[in-house]
Structure formats: C-alpha cells, structure tokens
2 protein chains.
Amino acid sequence: MIGDRIRELREGENILLRQLAAQLDMDTALLSKMERGDRQFRKEEILELAKIFHQSEKELLTLWLADRILKSTEGEAYISEALNLALTTYQQSL
Amino acid sequence: MIGDRIRELREGENILLRQLAAQLDMDTALLSKMERGDRQFRKEEILELAKIFHQSEKELLTLWLADRILKSTEGEAYISEALNLALTTYQQSL
DNA sequence: ATTGACTTGACAAATTTTGACTAAAATAAA
DNA sequence: TTTATTTTAGTCAAAATTTGTCAAGTCAAT
C-alpha cells in the first residue's frame with residue numbers, strides 16, 4: 001500500500017530503485033522489499049520520501065500507518081469488528 | 001480494554017488473580033500486568049479465558065485485537081485516518 | 001505487626017525484526 | 001543470444017522488542 005504508492009511516485013519520475021535507495025542511504029535490495037511490502041518503512045524514511053516526491057506528510061504517513069495496522073491484524077479473525085472498535089474507542093479517547 | 005473485561009469477569013466470579021493465573025499456567029505478576037494493560041495476552045490465553053468464563057470467543061478476541069491495533073498506533077499522528085483507511089482497505093480485500 | 005492480594009521494577013531469556021550481503025531471476029540493450 | 005542492468009529472494013547475525021521470573025513494594029483487613 002505505502003510501498004505501491006512509493007513505487008508509483010518513483011516510476012512516475014523515472015528514478016531507479018538504486019537511485020532512490022542511494023538518496024535514502026539504504027541497500028537497494030531492502031528498498032525493493034519495502035516497496036513490495038516485504039519490509040516496513042521507518043517513519044523517518046516516509047518523511048524523507050514526502051520531501052523527495054513533494055507529497056504531503058499526512059498522505060504518506062496515513063498510508064504507512066494503515067499498513068502497519070493491517071500488518072498487526074494479519075491472519076486474525078474479526079478484523080473488521082476490531083478495526084471498528086478500535087476506531088470508536090480511539091475517537092472517544094480524544 | 002480486554003484486560004478490563006477479564007478483570008471484570010474474574011471479579012464477578014470471585015476468583016483470585018493467583019487462581020486464574022494458575023488456571024492459565026502463568027505467573028501471577030504477569031497476569032496482573034496483562035489485566036492492567038501493561039502486557040498483552042496471547043491469543044491462546046484469550047481462547048482459554050473464553051472457556052473459563054463462558055464468553056464467546058468472538059467477543060473476547062475482538063476486544064483483544066482492538067487492543068493490539070491501538071497499541072500498534074500509539075504515539076502516531078493521523079490515527080483516525082489510518083484506521084479508517086485500514087478498514088476500507090481490508091473490507092475491499094474480502 | 002502479620003497476613004493476603006495485588007502491583008511494580010529490574011533483569012534475563014526468548015522471540016521477532018532488521019539490515020547487509022550474495023546470488024539468482026527478470027528485464028532491457030546491443 | 002550475449003551482455004548489462006535492475007529487481008527479487010534467501011541467509012545470517014545484530015539489534016530491538018517482547019516475555020517471563022523474581023524480589024520487593026503497597027494497601028487493606030485482621
């Protein structure tokens with residue numbers, strides 16, 4: 001999800017994986033995994049990517065956090081119910 | 001949240017922390033932390049607790065998963081947005 | 001002051017996540 | 001097809017996180 005978006009942005013600007021990896025100071029193989037969702041981005045990387053691609057931090061961070069949320073539910077039952085409950089619980093806590 | 005519910009159920013049946021801990025084959029201190037939300041239950045423990053207290057697995061697992069979801073978002077920005085996005089993304093994936 | 005129930009903090013053990021590296025696979029260019 | 005480049009997959013150890021245990025702590029009731 002965030003990985004797809006990053007790939008989309010990268011390809012939209014015709015930047016190679018290894019070039020973007022260099023900008024982020026990371027191994028190309030690792031960035032490849034991150035774009036494909038095998039590994040998670042770190043928040044700092046998302047912020048850096050927002051700068052590089054002139055996207056709002058909010059958009060990218062939201063995608064990134066949604067990914068992490070879904071990852072934390074992988075393989076479980078009652079995911080919709082739990083997400084709904086988490087949402088209302090969170091909103092009430094504000 | 002799930003911890004509160006377990007404590008409620010336990011106290012409702014006048015079971016001591018150490019007694020329930022014994023039934024779950026765990027240290028009393030650990031169960032104490034779990035009820036208070038310091039530590040997370042494992043899924044097998046939730047299933048066992050559903051049996052012990054004659055509650056539906058769905059109810060307890062949903063509470064448990066919602067807890068884990070919220071924990072995975074702790075300290076982040078755009079939590080509501082991400083939860084909503086995670087929810088719609090998940091539902092579309094079905 | 002002693003007992004019983006529960007809580008807390010510190011530490012060690014276990015598990016999971018992570019990044020670097022290597023090589024294989026896919027893709028593109030010649 | 002060969003060669004070069006880009007991407008993906010697999011492995012391994014280090015780092016980080018989670019988990020379990022124990023001892024000491026609080027608090028309330030006796």
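Values below: every heavy atom of this structure, side chains too, minus hydrogens, waters and symmetry copies. A, B, ... follow the sequence lines: proteins, then strands. Residue 1 opens every chain.
When rounded to the nearest whole Å, the span between CD of B:Q19 and P of C:dG4 equals 13 Å. The CG-C1' distance, from A:D25 to C:dA20, rounds to 13 Å in whole Å. As a whole-Å value, the separation of B:D27 CG from C:dA5 P is 15 Å. When rounded to the nearest whole Å, the span between CG of B:L20 and P of C:dT7 equals 12 Å. Note: CZ (B:F41) to P (D:dT19) measures 12 Å, nearest angstrom. Rounded to a whole Å, the CG atom of A:L16 is 12 Å from the C1' atom of C:dT27. The separation between B:E44 atom CD and D:dT19 atom P is 11 Å, rounded to whole Å. Straight-line distance from the CE atom of B:M34 to the P atom of C:dT7: 14 Å, rounded to whole Å.
For A:R7, a side-chain nitrogen or oxygen approaches OP1 or OP2 of D:dT8 to under 4.0 Å. Between B:R36 and the phosphate of C:dT7, there is a side-chain N or O to OP1/OP2 separation shorter than 4.0 Å. Between B:R42 and C:dA14 there is no side-chain polar atom (N or O) within less than 4.0 angstrom of OP1 or OP2. Considering only side-chain N and O atoms, B:K71 lies under 4.0 angstrom from the phosphate OP1 or OP2 of D:dT18. Under 4.0 angstrom from either OP1 or OP2 of C:dC6 there lies no side-chain N or O belonging to B:S32.
Heavy-atom distances to DNA chain C give each of B:D38 and B:R18 a nearest nucleotide, and the one nearer the 5′ end belongs to B:R18.
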_Between B:L30 and B:F41, is the side-chain contact (heavy atoms from CB on, under 4.5 Å) condition met? List the steps._
CA-CA 9 Å; B:L30 187 52; B:F41 286 93; over 6 Å; no

_Between B:I69 and B:L65, does the side-chain contact (heavy atoms from CB on, under 4.5 Å) criterion hold? Intermediate values first, please._
CA-CA 6 Å; B:I69 289 167; B:L65 187 54; 4.1 Å; yes

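Considering every non-hydrogen atom in both A:L85 and A:T89, the closest pair reads O-OG1, 2.7 Å.
Nucleic acid contact class of B:R39 (heavy atoms, under 4.0 Å, all strands): base. Here A:R10 lies in heavy-atom contact (under 4.0 Å) with sugar-phosphate atoms only.
Checking D:dT7, C:dA20, C:dT8 against the side-chain heavy atoms of B:A29 singles out C:dT8 as nearest. Among D:dG20, D:dT8, C:dC6, the nucleotide with an atom closest to any side-chain atom of B:L30 is D:dG20. Nearest to the side chain of B:Q40, among D:dT19, C:dT8, C:dT7, sits D:dT19.
Contact check on B:R68 versus A:E76 returns no salt bridge, with no Lys/Arg side-chain nitrogen under 4.0 Å from an Asp/Glu carboxylate oxygen. Contact check on B:E74 versus B:K71 returns no salt bridge, with no Lys/Arg side-chain nitrogen under 4.0 Å from an Asp/Glu carboxylate oxygen.
For a distance-only test at 3.5 Å, the side chain of B:K33 qualifies as a donor-acceptor partner of the base of D:dT21.
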